[in-house]
Amino acid sequence: MQTQQKPVIALTLGDPAGIGPELVARLLARPDTCAQANIVLVGDPWLWQAGQDVAGVAVATAPVSGFAAVRGRADTSLPAMLAMDTVRKEDVAVGQARAPGGASVLRVLDACMDAARDGAVDAICFAPLNKHAMKLGGMRHDDELHHFAQYLGVTGYFCEFNTLGTLWTSRVSSHIPLKDAAAALTVDGIKDAARLIHRSLVANGVERPRVAVAAFNPHGGDGGTCGREEMDVIEPAVRALNAEGLPVQGPYPADTIFLKAQAGDFDAIVTMYHDQGQIALKLLGFSRGVTVQGGLPIPITTPAHGTAYDIAGAGKANVDAMAQALRIACRMGLAHRAAA
């Protein structure tokens with residue numbers, strides 16, 4: 001990848017009390033990482049040093065004074081470092097969710113979103129964060145995706161995608177009680193989820209995405225004897241999508257649809273509620289999963305696993321999902337730049 005073709009990626013350290021700083025240190029110590037992107041690492045210098053110490057690596061960086069200087073860098077073989085003072089070391093307790101750490105995450109991510117909105121970076125890849133710490137630190141939303149959407153002024157449909165290798169999943173309902181999931185299913189919601197994941201896969205380099213839709217009830221409802229959501233909501237949505245020209249298939253029973261995907265039949269699955277897809281993907285490859293924030297005006301990715309407070313500071317963190325999150329951010333960042 002030539003320098004002029006590299007996307008500019010803002011990379012953050014995540015929750016100061018979790019495994020994020022260690023993951024970023026391991027990622028940037030890999031010789032192939034900076035070949036993929038013009039990377040600007042954003043965060044507190046002391047926290048970056050702590051991450052290197054835990055990982056047992058030393059990574060040289062090139063200091064920059066602002067995001068505007070990143071795109072024009074002549075030598076991108078080293079990651080740039082944009083230092084921000086967002087949290088004091090004495091206010092962080094490794095392995096504990098605290099307000100100062102959550103506030104730090106918000107400040108860094110907001111700065112990165114400002115830079116992306118201004119055209120200084122093409123995508124954001126953030127290390128794991130903790131929603132509880134962020135709420136303690138001032139986040140007014142249930143999760144980071146809704147914070148991103150509000151901050152960026154998104155008014156259309158958005159949702160999280162969870163990915164594992166070449167398989168992507170979206171969901172019609174997300175962080176709600178399971179007892180409310182049936183009422184949350186609508187024809188328009190299923191159509192929105194399918195359209196968005198199809199469009200996002202195209203941006204990720206899949207020319208003709210094969211999208212399947214999961215059923216909601218056991219055995220796909222058994223012709224209405226085990227629930228009517230398939231007949232009344234899901235099947236009409238699939239027919240409408242087909243009429244639009246999207247080759248969406250389904251609904252398939254949820255207990256077999258991932259077997260078909262594992263065999264290579266599909267590129268994406270639209271699931272009906274949170275754990276319907278999460279359980280399958282995490283079982284297939286917990287340490288390699290990536291979350292993509294879908295429907296935002298800029299690409300944002302992160303590992304699908306959490307802050308792993310139980311092993312924070314122990315030097316045991318697996319970098320595979322972080323590396324995959326960066327790869328997806330690079331692909332989508334290039335597509336985003338080309339479309340701008």
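It should be emphasised that the depicted structure is a prediction, and the values quoted were computed from it without experimental measurement. We're numbering straight along the sequence, starting at 1.
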* To do: Please lay out, stage by stage, how L246 and V211 fare under the test side-chain contact (heavy atoms from CB on, under 4.5 Å).
  => CA-CA 9 Å; L246 289 184; V211 179; over 6 Å; no
Polar contact flag, side-chain donor to acceptor under 3.5 angstrom, [X]-[Y]:
X    : Y    : value
Y309 : D15  : yes
D53  : Q49  : yes
S174 : R171 : yes

* Which residues satisfy the ring-ring contact (aromatic ring centres under 6.0 Å, His included) test with H219, sequence neighbours excluded? -> none
Regarding [X] and [Y], does a basic nitrogen lie under 4.0 Å from an acidic carboxylate oxygen?
X    : Y    : value
R88  : D44  : no
D114 : R117 : yes
K6   : D75  : no

* Decide yes or no on side-chain contact (heavy atoms from CB on, under 4.5 Å) for R288 and L164, but give the supporting numbers first. => CA-CA 6 Å; R288 297 180 288 115; L164 182 67; 3.7 Å; yes
* To do: Give the intermediate values and the outcome of salt bridge (Lys or Arg N to Asp or Glu O under 4.0 Å) for residues R30 and D320.
  => CA-CA 11 Å; R30 290 185 167 188; D320 289 349; 3.6 Å; yes
Return the minimal non-hydrogen interatomic distance between [X] and [Y], and the atom names on each side.
X    : Y    : answer
P7   : R337 : CA-NH2, 3.2 Å
F258 : G277 : CZ-CA, 3.8 Å
R331 : N204 : NE-OD1, 3.1 Å
G220 : A215 : CA-CB, 3.6 Å
L106 : M134 : CD2-CE, 3.6 Å
A97  : N130 : CB-OD1, 3.6 Å

Using a 4.5 Å cut-off on heavy atoms from C-beta on, say whether the side chain of [Y] contacts that of [X].
X    : Y    : result
L136 : R98  : no
L27  : L11  : yes
K316 : I19  : no
T86  : R107 : yes
D122 : R71  : yes
V154 : P297 : yes
F67  : V8   : no
T163 : V292 : yes

Reported [atom1]-to-[atom2] distance for the pair [X] and [Y], which is rounded to 0.5 angstrom:
X    : Y    : atom1 : atom2 : answer
R210 : D265 : CZ    : CG    : 7.0 Å
L109 : I124 : CG    : CD1   : 7.0 Å
L185 : M272 : CG    : CE    : 6.5 Å
D192 : T186 : CG    : OG1   : 7.5 Å
Q278 : T291 : CD    : OG1   : 6.5 Å
S170 : R195 : OG    : CZ    : 12.5 Å

Where the side chain of [X] meets the backbone of [Y], is there a donor-acceptor pair that is under 3.5 Å apart?
X    : Y    : value
T169 : I269 : no
E230 : N217 : yes
T301 : A325 : yes
Q276 : T271 : no

* Asked: In terms of ring plane angle, is the pair F216 and Y273 parallel, tilted or perpendicular, where the classes change at 30° and 60°?
  ->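 It falls in the perpendicular class, over 60°.
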* Asked: In terms of the angle between their ring planes, are F158 and H146 parallel, tilted or perpendicular, with boundaries placed at 30° and 60°?
  ->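 The arrangement is perpendicular - the two ring planes meet at more than 60°.
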* Walk me through it: do K191 and E244 pass the test side-chain contact (heavy atoms from CB on, under 4.5 Å)? => CA-CA 10 Å; K191 288 163 62 178; E244 294 175 9; 3.7 Å; yes
Are [Y] and [X] linked, directly or through intermediate hydrophobic residues, by side-chain heavy-atom contacts shorter than 4.5 Å (ILVMFWY only)?
X    : Y    : value
V64  : I9   : no
W168 : V248 : yes
V290 : I197 : yes
M332 : F161 : yes
V59  : L41  : yes

* Decide yes or no on side-chain contact (heavy atoms from CB on, under 4.5 Å) for L178 and H274, but give the supporting numbers first. => CA-CA 8 Å; L178 185 57; H274 185 278; over 6 Å; no
* Asked: With ring centroids as reference points, do H141 and F148 lie under 6.0 angstrom apart?
  -> no
